[in-house]
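First comes the structure, then the notes that go with it.
Quantities reported herein were computed from a predicted structural model and do not represent experimental measurements.
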Amino acid sequence: MLFFVKSIFFFYIAILLIRMVMTNQELIFNPIGKFVANITNPIFTNLLQNYPKEKADKFIPLIICIVIFFLGIIYWLFLGGSPLYTIIKAYIDSVLFIYFFYILSLIVGCLVGTEYVSFISTFFHRIGLPVVKISRKIVPIRGNKIIIISIILLTACYIAVEGLLIYIISNLDLNNAFLLSINYIFSSLTFLLRLYTWLIIIRVLLSWVAPDPYNTIVQIIYSLTEPIMAPFRKIIPPLGFIDISPILLIFIIEFIRVLLIRISMLL
């Protein structure tokens with residue numbers, strides 16, 4: 001039950017981050033924009049109705065912090081113990097989710113400028129763009145290779161923030177707290193890689209039935225899988241009508257997943 005409730009809160013945080021990069025026109029006319037507006041408008045029309053969108057969006061980080069605070073209260077109701085502990089625990093879990101959400105945004109956003117671009121990847125591109133701009137100031141690399149630097153930068157920030165939060169609520173020293181934050185990354189990656197394997201399988205099954213390319217669900221699946229699948233198609237091009245590159249990709253993903261499990265057991 002707690003996992004389900006936590007997932008709802010994380011979903012709402014993701015919606016808030018997506019709203020922050022949408023225009024007023026997209027919130028009115030875009031199918032995803034309408035969905036985002038319907039979920040978030042109760043806050044923005046009641047509390048921030050006197051602010052234009054540009055100024056109202058500046059409150060979104062504060063709103064996210066408040067949402068995480070209420071998630072901490074729910075943790076306390078379910079788990080008991082110290083309210084301060086459960087609230088900080090909620091922030092620890094939320095920082096991990098936001099970290100992976102931005103990693104996802106960087107990967108999916110790299111489709112912008114290619115033949116596979118969609119309005120889904122455009123939104124993710126906008127979310128990851130501030131991180132890319134900061135990364136380019138540190139390492140002036142052109143092209144999508146800057147994503148590697150951006151992921152490294154995000155990971156360093158995550159370990160620093162998460163390690164400090166763990167240090168506050170635990171009896172661990174600072175070094176072990178940082179190691180535990182790294183372990184959280186590996187543990188979560190093993191779960192996400194398993195989900196990604198199923199996404200690839202669904203993508204392959206969809207290719208057999210020629211789905212509507214403008215369908216929102218289809219675009220989401222293609223946007224999530226294409227950044228990883230495209231390089232493998234270059235390594236192993238389709239043999240006529242048969243594309244065996246997903247098999248190689250699934251094999252490599254499973255190998256990485258098992259490797260991460262072994263590493264996390266050692267930390």
Side-chain angles (χ1 to χ4, degrees), residues 14 17-18 21-22 26 30-32 98-136 139-155 185-186 188-260:
L17 291 172
I18 293 173
V21 299
M22 284 184 164
E26 288 167 340
N30 184 281
I32 292 183
I98 293 172
Y99 163 74
F100 278 112
F101 185 79
Y102 268 88
I103 297 292
L104 174 68
S105 300
L106 289 168
I107 295 173
V108 176
C110 74
L111 287 177
V112 172
T114 70
E115 59 181 308
Y116 298 100
V117 66
S118 67
F119 60 85
I120 304 292
S121 52
T122 301
F123 295 146
F124 282 114
H125 174 77
R126 295 177 193 169
I127 292 172
L129 191 58
V131 182
V132 169
K133 288 182 177 179
I134 294 173
S135 300
R136 279 209 169 99
V139 182
I141 298 177
R142 293 188 176 274
N144 286 334
K145 291 181 180 179
I146 192 63
I147 291 175
I148 299 174
I149 305 300
S150 300
I151 291 175
I152 294 173
L153 178 62
L154 276 176
T155 303
I185 294 178
F186 289 158
S188 300
L189 268 177
T190 56
F191 172 73
L192 293 175
L193 288 174
R194 175 55 61 87
L195 289 181
Y196 200 78
T197 299
W198 281 106
L199 273 178
I200 294 171
I201 294 172
I202 294 171
R203 163 79 181 264
V204 172
L205 294 176
L206 285 175
S207 67
W208 294 352
V209 297
D212 177 12
Y214 297 101
N215 181 277
T216 302
I217 301 298
V218 173
Q219 286 204 356
I220 290 174
I221 293 173
Y222 272 62
S223 296
L224 291 174
T225 55
E226 186 58 30
I228 307 299
M229 293 183 69
F232 281 86
R233 278 199 301 272
K234 295 179 180 178
I235 298 173
I236 305 178
L239 303 175
F241 294 102
I242 302 175
D243 183 7
I244 63 173
S245 60
I247 299 175
L248 174 63
L249 178 56
I250 290 174
F251 174 80
I252 292 176
I253 288 175
E254 286 301 305
F255 174 79
I256 294 173
R257 193 179 67 83
V258 172
L259 181 63
L260 289 176

To the nearest 0.5 Å, what is the distance between CD1 on I253 and CG on L248?
10.0 Å
F186 versus L260, closest heavy-atom pair with distance:
CD2-CD2, 3.5 Å
Nearest 0.5 Å please: distance from the CD1 atom of I147 over to the CG atom of L153.
13.5 Å
Among residues at least two apart in sequence or on other chains, which ones pass ring-ring contact (aromatic ring centres under 6.0 Å, His included) with Y102?
none
What salt bridge (Lys or Arg N to Asp or Glu O under 4.0 Å) pairs are there with at least one residue in residues 140-154, not counting sequence neighbours?
none
Report the residues that fulfil side-chain hydrogen bond (donor to acceptor under 3.5 Å, both in side chains) with S188, sequence neighbours left out, ordered by chain and then residue number.
none
Reported CG-to-OG1 distance for the pair L259 and T190, which is rounded to 0.5 angstrom:
11.5 Å
Using the side-chain contact (heavy atoms from CB on, under 4.5 Å) criterion, which residues pair with I201? Sequence neighbours excluded.
T197, W198, L205, I250
Which value, rounded to the nearest 0.5 Å, describes the distance between I134 atom CD1 and I149 atom CD1?
14.0 Å
What are the two closest non-hydrogen atoms of G109 and H125, and how far apart are they?
O-ND1, 3.4 Å
Residues 122-131 vs salt bridge (Lys or Arg N to Asp or Glu O under 4.0 Å), sequence neighbours excluded, gives E26-R126
Sequence neighbours excluded, the answer for salt bridge (charged side-chain N to carboxylate O under 4.0 Å, His left out) partners of R136 is none
CD1 of I148: more than 12 outside heavy atoms within 6.0 angstrom?
no
Side chains of M22 and I32, heavy atoms from C-beta outward: is any pair under 4.5 Å?
yes
By ring-ring contact (aromatic ring centres under 6.0 Å, His included), F124 pairs with (sequence neighbours left out) F101
Kindly indicate, with the supporting measurements, whether the criterion side chain to side chain contact (heavy atoms under 4.5 Å, CB included) is fulfilled by F123 and V108.
CA-CA 9 Å; F123 295 146; V108 176; over 6 Å; no
Tell me every residue that passes side-chain contact (heavy atoms from CB on, under 4.5 Å) with P227, counting only those two or more places apart in sequence or in another chain.
I107, C110, L111
Checking S135 now: which residues fulfil side-chain hydrogen bond (donor to acceptor under 3.5 Å, both in side chains) with it, not counting sequence neighbours?
S150
Straight-line distance of L249 CG to I200 CD1, nearest 0.5 Å:
3.5 Å
Taking the side chain as every heavy atom from C-beta outward, state whether L129 and V21 have any atom pair closer than 4.5 Å.
no
Can you name the residues that form a side-chain hydrogen bond (donor to acceptor under 3.5 Å, both in side chains) with Y196, not counting sequence neighbours?
none
Value for CD1 (I151) from CD1 (I103), rounded to nearest 0.5 Å, stands at 4.5 Å
